[in-house]
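Below, read A as the first sequence line, B as the second, and so on, with proteins coming before strands; counting in each chain starts at 1.
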Amino acid sequence: MVQAIVFPQEEDAMPRIVAHVDMNAFFAAIEQNAHPEWKNEPIVVCVFSGRTLDSGVVSSASYDARKLGVRAGMPIVQAKQLCAKGHFVPVNHTLYGQISDQIFTRLFAYGDAVEMASIDEAYADLTQKTQGDYAHAERLMREFQQKIQKEFNLGCSVGIAPNKLLAKIASDFQKPNGFTIVKPESVQSFLDPLPVKSLLGIGPKTEQQLVEKNIHTIAQLRACGAGELVALFGAARGQYFFHASRGIDESPLETNYEKQQRSSIWTLQRDTQDWNELRALVREKALELWDETAAQGKFFTQISVVGVDIALKQMTRSTTLNVACVSSEQLFSEVEQLFQSLLSNAPLPLRRVGLRVGGFASPPKQKRLNEFFG
DNA sequence: GACTCCACCGC
DNA sequence: CCTTCTGTGGAGTC
């Protein structure tokens with residue numbers, strides 16, 4: 001075969017190759033490494049809410065804990081019943097974030113572009129580097145997988161496919177330490193037998209709606225007309241499902257993504273409907289949020305508060321400022337008003353409350369950033 | 001456009 | 001039986 005000379009137009013036309021990397025039981029695996037004496041013992045990483053000794057949920061479970069039925073999202077109390085001898089440790093997001101950064105920094109050497117999709121997932125675009133050659137892509141990503149295992153003692157699953165949608169499903173196909181390649185010619189046969197829930201964006205509620213229409217597999221979803229899907233799910237999601245069921249996804253890697261909002265929500269020691277009981281804590285949290293965003297040079301125009309009542313019903317109140325918020329005092333005063341409005345309409349005492357800021361804009365009064373520090 | 005709620009994605 | 005925390009995007013409503 002003649003070696004093709006690559007012109008810019010042909011570069012654009014080159015079929016994409018995208019890899020998705022998903023760390024296996026990431027938080028639990030890191031904790032396992034931090035405690036080598038727990039080898040082959042169940043480890044359960046927990047978010048303790050602080051309300052009672054064991055209130056809270058499981059964030060991540062090691063494979064030894066999963067064998068006993070422990071799952072992410074499960075109440076800690078329930079996990080302890082399944083796994084009395086397990087090691088229950090609190091989440092340490094800072095540590096996991098640092099390790100995540102180190103791991104995915106290595107990935108930049110393997111692709112043209114990298115998107116860190118979450119703390120334990122990333123995409124790499126391999127199109128140019130491999131010149132569209134799947135065998136080359138496989139060699140590269142197997143090397144990456146082994147490198148991470150060796151260097152960090154952490155396993156990951158890898159999917160390689162023509163786009164992000166399929167690469168993500170492929171990395172999920174075999175776990176742990178899976179390696180799945182979906183070439184363009186086998187996209188449909190790969191997708192068809194999978195449950196609809198395999199598609200990003202189809203969760204429990206949407207799955208239920210589809211099951212009611214007797215749609216269980218992606219093949220059955222593909223048999224639906226675009227019009228029917230749009231009628232059922234609205235324009236955006238309907239069209240997404242139409243394309244996704246065919247394995248079509250042109251979305252590019254988001255390589256310089258910026259957060260749109262920052263929020264924090266916490267569980268109260270005691271349920272309440274009384275602003276005076278919340279005031280001090282809310283104030284503290286508002287100041288923290290101000291400090292964190294100001295430190296990043298971010299100035300927000302949107303402020304919201306959220307309450308979750310004892311029936312777990314959520315309520316929100318929000319406001320949009322004309323000019324970015326200028327001080328922590330202004331933030332707190334806005335938050336106070338929003339909470340008073342929320343509380344006066346809350347039918348039941350609140351169990352959890354939270355704050356959110358977003359709508360990041362230029363700094364107020366056009367001050368130079370460094371005038372805010374020092 | 002602003003606001004509120006809902007569904008979903010991670011772990 | 002008990003239900004954390006963070007962030008995005010869509011839909012309905014006004």
Side-chain angles (χ1 to χ4, degrees), chain A residues 20 22-31 43-52 54-62 65-66 70-82 89-93 95-97 99-100 116-122 168 171-172 197-209 230 232-241 254 257-268 285 289 292 301-322 338 341-342 345 351-359:
Chain A
H20 182 254
D22 190 331
M23 302 304 299
N24 302 144
F26 189 46
F27 297 177
I30 291 173
E31 295 296 343
I43 295 173
V44 184
V45 181
C46 302
V47 181
F48 292 100
S49 71
R51 156 170 292 233
T52 62
D54 278 341
S55 66
V57 295
V58 172
S59 177
S60 173
S62 70
R66 289 183 197 194
V70 180
R71 294 288 180 273
M74 179 180 278
I76 294 165
V77 170
Q78 199 178 334
K80 287 203 167 172
Q81 288 166 4
L82 293 168
V89 298
V91 282
N92 182 352
H93 265 284
L95 173 65
Y96 314 149
I99 294 175
S100 169
M116 297 196 191
S118 76
I119 196 163
D120 84 320
E121 279 176 62
K168 164 122 177 121
S171 72
D172 200 47
K197 214 180 168 309
S198 313
L199 294 176
L200 197 60
I202 299 190
K205 299 276 181 180
T206 312
E207 183 187 32
Q208 188 51 41
Q209 273 180 279
V230 169
L232 265 172
F233 298 105
R237 298 178 68 215
Q239 286 178 42
Y240 166 72
F241 293 160
E254 300 288 337
Y257 140 95
E258 295 214 28
K259 264 189 223 168
Q260 306 291 305
Q261 52 184 230
R262 264 216 65 107
S263 66
S264 80
I265 181 167
W266 62 97
T267 300
L268 301 171
K285 297 280 186 181
L289 204 51
E292 283 172 28
T301 55
Q302 292 161 10
I303 301 168
S304 359
V305 305
V306 58
V308 181
D309 71 20
I310 54 176
L312 298 183
K313 187 178 159 48
Q314 273 205 31
M315 287 150 288
T316 58
R317 288 292 182 277
S318 69
T319 186
T320 305
L321 309 173
N322 291 322
L338 292 168
S341 157
L342 189 149
N345 289 292
R351 175 191 175 92
R352 311 177 62 216
V353 294
L355 304 175
R356 181 170 73 222
V357 298

Item to check | Distance in angstrom units between Phe27(A) CZ and dT6(C) P, rounded | outcome: 12 Å
Checklist entry - More 5' along DNA chain C: Val47(A) or Ala235(A), using each one's nearest nucleotide? => result Val47(A)
Checklist outcome for this item: Per atom distances to the Ser263(A) side chain, the nearest of dC9(B), dC5(C), dG7(C) is dG7(C)
Item to check | Inter-nucleotide P distance (dT3(C), dG10(B)), Å rounded | outcome: 24 Å
Checklist entry - How long is the line joining CD of Gln302(A) and C1' of dC3(B), in whole Å? => result 10 Å
Checklist entry - For the atom pair CD1 (Ile99(A)) and CD1 (Ile119(A)), what is the distance rounded to the nearest 0.5 Å? => result 9.5 Å
Checklist entry - Between CZ of Arg352(A) and OG1 of Thr267(A), what distance do you get to the nearest 0.5 Å? => result 4.5 Å
Checklist entry - Is any side-chain nitrogen or oxygen of Ser118(A) closer than 4.0 Å to OP1 or OP2 of dC9(B)? => result no
Checklist entry - Does Thr267(A) put a side-chain nitrogen or oxygen below 4.0 Å from OP1 or OP2 of dC5(C)? => result yes
Checklist entry - Nearest of dC3(B), dT3(C), dC11(B) to any side-chain atom of Val57(A)? => result dT3(C)
Item to check | Selection from dG10(C), dG10(B), dC2(C) that lies nearest to any side-chain heavy atom of Asp120(A) | outcome: dG10(B)
Checklist entry - Taking the inter-plane angle between the rings of Phe233(A) and Phe241(A) on a 0 to 90° scale, is it parallel (under 30°), tilted (30 to 60°) or perpendicular (over 60°)? => result perpendicular
Checklist entry - Can you check whether Ser264(A) has a side-chain N or O nearer than 4.0 Å to OP1 or OP2 of dC5(C)? => result no
Checklist entry - Picking from dC5(B), dT8(C), dC3(B), which would you name as closest to the side chain of Ser318(A)? => result dC3(B)
Next on the checklist: Once you apply a heavy-atom cut-off of 4.0 Å, does Ile119(A) come out as touching a base, just sugar-phosphate, or nothing?
Outcome noted: nothing
Item to check | Among dC8(B), dT3(C), dG7(C), the nucleotide that comes nearest once only the side chain of Pro204(A) is considered | outcome: dC8(B)
Checklist outcome for this item: Rounded to the nearest 0.5 angstrom, the OG-CG distance for Ser62(A) and Asn24(A) is 12.0 Å
Checklist entry - Do any side-chain nitrogens or oxygens of Lys168(A) fall under 4.0 Å of OP1 or OP2 in dG10(B)? => result yes
Checklist outcome for this item: Nearest-nucleotide check on DNA chain B, Ala72(A) vs Arg317(A); residue mapping nearer the 5' end is Arg317(A)
Checklist entry - Hey, is the side chain of Arg351(A) poking within less than 4.0 Å of OP1 or OP2 on dT4(C), counting only N and O atoms? => result yes
Checklist entry - So, is Tyr257(A) near the phosphate of dT8(C), with a side-chain N or O under 4.0 Å from OP1 or OP2? => result yes
Next on the checklist: Less than 4.0 angstrom between a side-chain N/O of Ser49(A) and OP1 or OP2 of dT3(C), yes or no?
Outcome noted: no
Checklist entry - Of the candidate nucleotides dC2(C), dA2(B), dC5(C), which contains the atom at the shortest distance from the side chain of Thr320(A)? => result dA2(B)
Next on the checklist: Taking pairing as Watson-Crick or G-U wobble with both contacts under 3.5 Å, can you name the mate of dC5(C), or confirm there isn't one?
Outcome noted: dG10(B)
Checklist entry - Phosphate oxygens OP1/OP2 of dA7(B): is one of them under 4.0 Å from a side-chain N or O of Thr206(A)? => result no
Next on the checklist: In this structure, how many angstroms lie between the C1' atom of dT4(C) and the CD1 atom of Ile76(A), rounded?
Outcome noted: 8 Å
Item to check | Residue closer to the 5' end of DNA chain C, Arg356(A) versus Arg51(A) (nearest nucleotide) | outcome: Arg51(A)
Item to check | Distance, rounded to the nearest Å, where Leu268(A) contributes CG and dC5(C) contributes P | outcome: 10 Å
Item to check | Gln260(A) CD to dT6(C) C1', straight-line distance once rounded to whole Å | outcome: 14 Å
Item to check | Atom-to-atom span, CZ of Phe233(A) to P of dA11(C) - whole angstrom | outcome: 12 Å
Checklist entry - Got a donor-acceptor contact below 3.5 angstrom from the Gln260(A) side chain to the Glu258(A) backbone? => result yes
Item to check | Which nucleotide in dC3(B), dC11(B), dC1(C) has an atom nearest any side-chain atom of Thr319(A) | outcome: dC3(B)
Next on the checklist: If I take atom NZ in residue Lys259(A) and atom C1' in nucleotide dC5(C), what distance separates them, rounded to the nearest angstrom?
Outcome noted: 12 Å
Checklist entry - Are a donor atom and an acceptor atom from the side chains of Ser341(A) and Arg317(A) found within less than 3.5 Å of each other? => result yes
Item to check | Inter-residue atom distance Leu355(A).CG - Ser318(A).OG, 0.5 Å rounding | outcome: 12.5 Å
Checklist entry - When we call it a touch if two heavy atoms are under 4.0 Å apart, what does Met74(A) touch: a base, just sugar-phosphate, or nothing? => result nothing
Item to check | Value in whole Å for how far the P atom of dG10(B) lies from NE2 of His93(A) | outcome: 14 Å
